[in-house]
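Worth knowing before you read on, the calculation uses all heavy atoms, side chains too, and leaves out hydrogens, waters and symmetry mates. Please read these numbers as outputs of a predicted model, since none were measured by experiment. All ligand and atom numbering here is 1-based and tracks the order in the structure.
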Amino acid sequence: MIKTAVVIRALSSFFYVSIDNQIIECRASKKLKQNKQKIIVGDDVEVDLDFNYIIAVKKRTNYLQRPLIANVQNCILVTSAIEPKLNLGLLDRMILIMEINKLDIIIIITKIDLLSIAELSSLKKTMSYYQKVGYTVIYSPYDDFQDQLNLNLTSDKYVITGQSGVGKSTIINYLIPNLDLQTQEISRVLGRGKHTTREVTFYSYKNIYLIDTPGFSSLDLDFKDNQLRDNYPDFVEYSPGCKYKGCFHDQEPNCQIKKLVEDQEILATRYNYYIKMLHQVRGLK
Ligand SMILES: Nc1nc2c(ncn2[C@@H]2O[C@H](COP(=O)(O)OP(=O)(O)O)[C@@H](O)[C@H]2O)c(=O)[nH]1
Ligand SMILES: [Mg+2]
Ligand SMILES: [Zn+2]
């Protein structure tokens, strides 16, 4: 019998696929091996259940690199308000990677219970900027946290990513209570989590997959300066107001983006971090 399934785990030459709520260990068929067809997690495959062979890999709609995951359209970027302290540069970098890969973005800010009222209100003011850009922002833990998340989880696969210790496993536990994932104590000395999820892990939740990841690296910034510029939707929207077509909003005169930063219409942290990355990207070439 031949069935279609999603690869949820890849371990050297073994692939684990999910079929009818069962996880089945498979190998690649000889033909796939001969064709040097790569199989990665997230792939939609055809499985011959008589031999537990993967016999075909369907065309990927997209894939993310490091970690390699195929066919994802959505992501949940998790960042904590505190412990570890909110890092807007890191958030912008995660947003950028997802924008370049054309994923829809949900941002979850955790640990707001540890903030004072004043801190929370200042955080919300900052985050309202991101909402204005078009990202969904959800705060945790609030009583209606799960309802809000459910409302926003509509498609089939969500990669969850964020620094270690921000509360990714805690969120997955909220959503899938019988899973009982181990959460980690924060190592206060290092200011970051002790343990990291090293592997990409798929969790089935209702009719969707939540995919826990160790975070997407972009340390080598392997994109071009124009890709950087074109994946800030807030800059793209206003760049027709720049004097120069193709303005990078750096040294160019009469730049609308720089003006909007001065007028506090564009978040200065976001602009400053953009410039830093722009210079890095150009320096590397
Ligand atoms: N106070 C508070 N602690 C949280 C919250 N979310 C997670 N934590 C704690 O932060 C630590 C790290 O959480 P964990 O889910 O393991 O983070 P992960 O590394 O991103 O998976 C654990 O001790 C959690 O109990 C939250 O919203 N509020
Ligand atoms: Mg975890
Ligand atoms: Zn400009």
*Asks:* To the closest 0.5 Å, what do you measure between CZ (Phe15) and CD (Glu25)?
*Replies:*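 Between atom CZ of Phe15 and atom CD of Glu25 there are 11.0 Å.
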*Asks:* Protein N, O or S atoms at less than 2.8 Å from the Zn ion (ligand 3), how many?
*Replies:*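 For the Zn ion (ligand 3), the figure is 4.
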*Asks:* Do any of the N, O or S atoms of Ser164 sit under 2.8 Å from the Mg ion (ligand 2)?
*Replies:* no
*Asks:* Which ligand 1 atoms, with their elements, are less than 4.0 angstrom from a heavy-atom of Val166?
*Replies:* 17 (O), 20 (O)
*Asks:* Please indicate whether any nitrogen or oxygen in Thr110 is less than 3.5 Å from any nitrogen or oxygen in ligand 1.
*Replies:* no
*Asks:* Test your reading of the structure: does Ile112 have an N or O sitting under 3.5 Å from an N or O of ligand 1?
*Replies:*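 No, no N or O pair falls under 3.5 Å.
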*Asks:* Kindly identify the option in Thr79, Thr170, Ile171 whose heavy atom sits closest to atom 15 (O) of ligand 1.
*Replies:*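 Nearest option to atom 15 (O) of ligand 1, by heavy atoms: Thr170.
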*Asks:* Does ligand 1 have any atom that is closer than 4.0 Å to a heavy atom of Gly162?
*Replies:*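 It does not; every heavy atom stays at 4.0 Å or beyond.
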*Asks:* Does Tyr209 have its ring centroid less than 6.0 Å away from the ring centroid of Tyr158?
*Replies:*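 No, the ring centres sit 6.0 Å or more apart.
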*Asks:* Is the closest side-chain donor-acceptor distance between Thr110 and Ser140 under 3.5 Å?
*Replies:*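 There is no such pair (donor and acceptor under 3.5 Å, judged by atom type) between the side chains of Thr110 and Ser140.
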*Asks:* Once salt bridge (Lys or Arg N to Asp or Glu O under 4.0 Å) is applied, what residue pairs with a partner in residues 43-65 remain, sequence neighbours excluded?
*Replies:*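 For residues 43-65, and leaving out neighbouring residues, the salt bridge (Lys or Arg N to Asp or Glu O under 4.0 Å) pairs sorted by first residue read Asp43-Arg60.
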*Asks:* Are side-chain N/O atoms of Ser239 and Gln256 paired as donor and acceptor at under 3.5 Å?
*Replies:*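 Looking only at side-chain atoms, Gln256 and Ser239 do not form any donor-acceptor pair under 3.5 Å.
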*Asks:* Check each heavy atom of Asp113 against ligand 1 and say whether those closer than 4.0 Å belong to the side chain, the backbone, both or neither.
*Replies:* side chain
*Asks:* May I ask you to decide whether Lys259 forms a salt bridge with Asp263, counting only side-chain N to carboxylate O separations under 4.0 Å?
*Replies:*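 Counted as a salt bridge, because a side-chain N and a carboxylate O are separated by less than 4.0 Å.
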*Asks:* At under 4.0 Å between heavy atoms, is it the side chain or the backbone of Leu114 that contacts ligand 1, or both, or neither?
*Replies:*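 The answer is the side chain of Leu114.
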*Asks:* Does atom OH (Tyr174) have a neighbourhood of more than 12 heavy atoms from anything else shown, all under 6.0 Å?
*Replies:*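 More than 12 within 6.0 Å, yes.
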*Asks:* Looking only at side-chain N and O atoms, does Glu265 offer a donor or acceptor that is under 3.5 Å from a partner on Tyr129?
*Replies:*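 Judged by distance alone, the side chains do not pair up.
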*Asks:* Would Lys258 and Tyr271 count as a cation-pi pair here, with the cationic atom under 6.0 angstrom from the ring centre and within 45° of the axis?
*Replies:*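 No, a cation-pi geometry is absent between Lys258 and Tyr271.
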*Asks:* When you look at CD1 of Ile117, are more than 12 heavy atoms from neighbouring residues, nucleotides or ligands closer to it than 6.0 Å?
*Replies:* no
*Asks:* Output the list of atoms in ligand 1 that are nearer than 4.0 Å to some heavy atom of Pro141, sorted by atom number.
*Replies:* 27 (O)
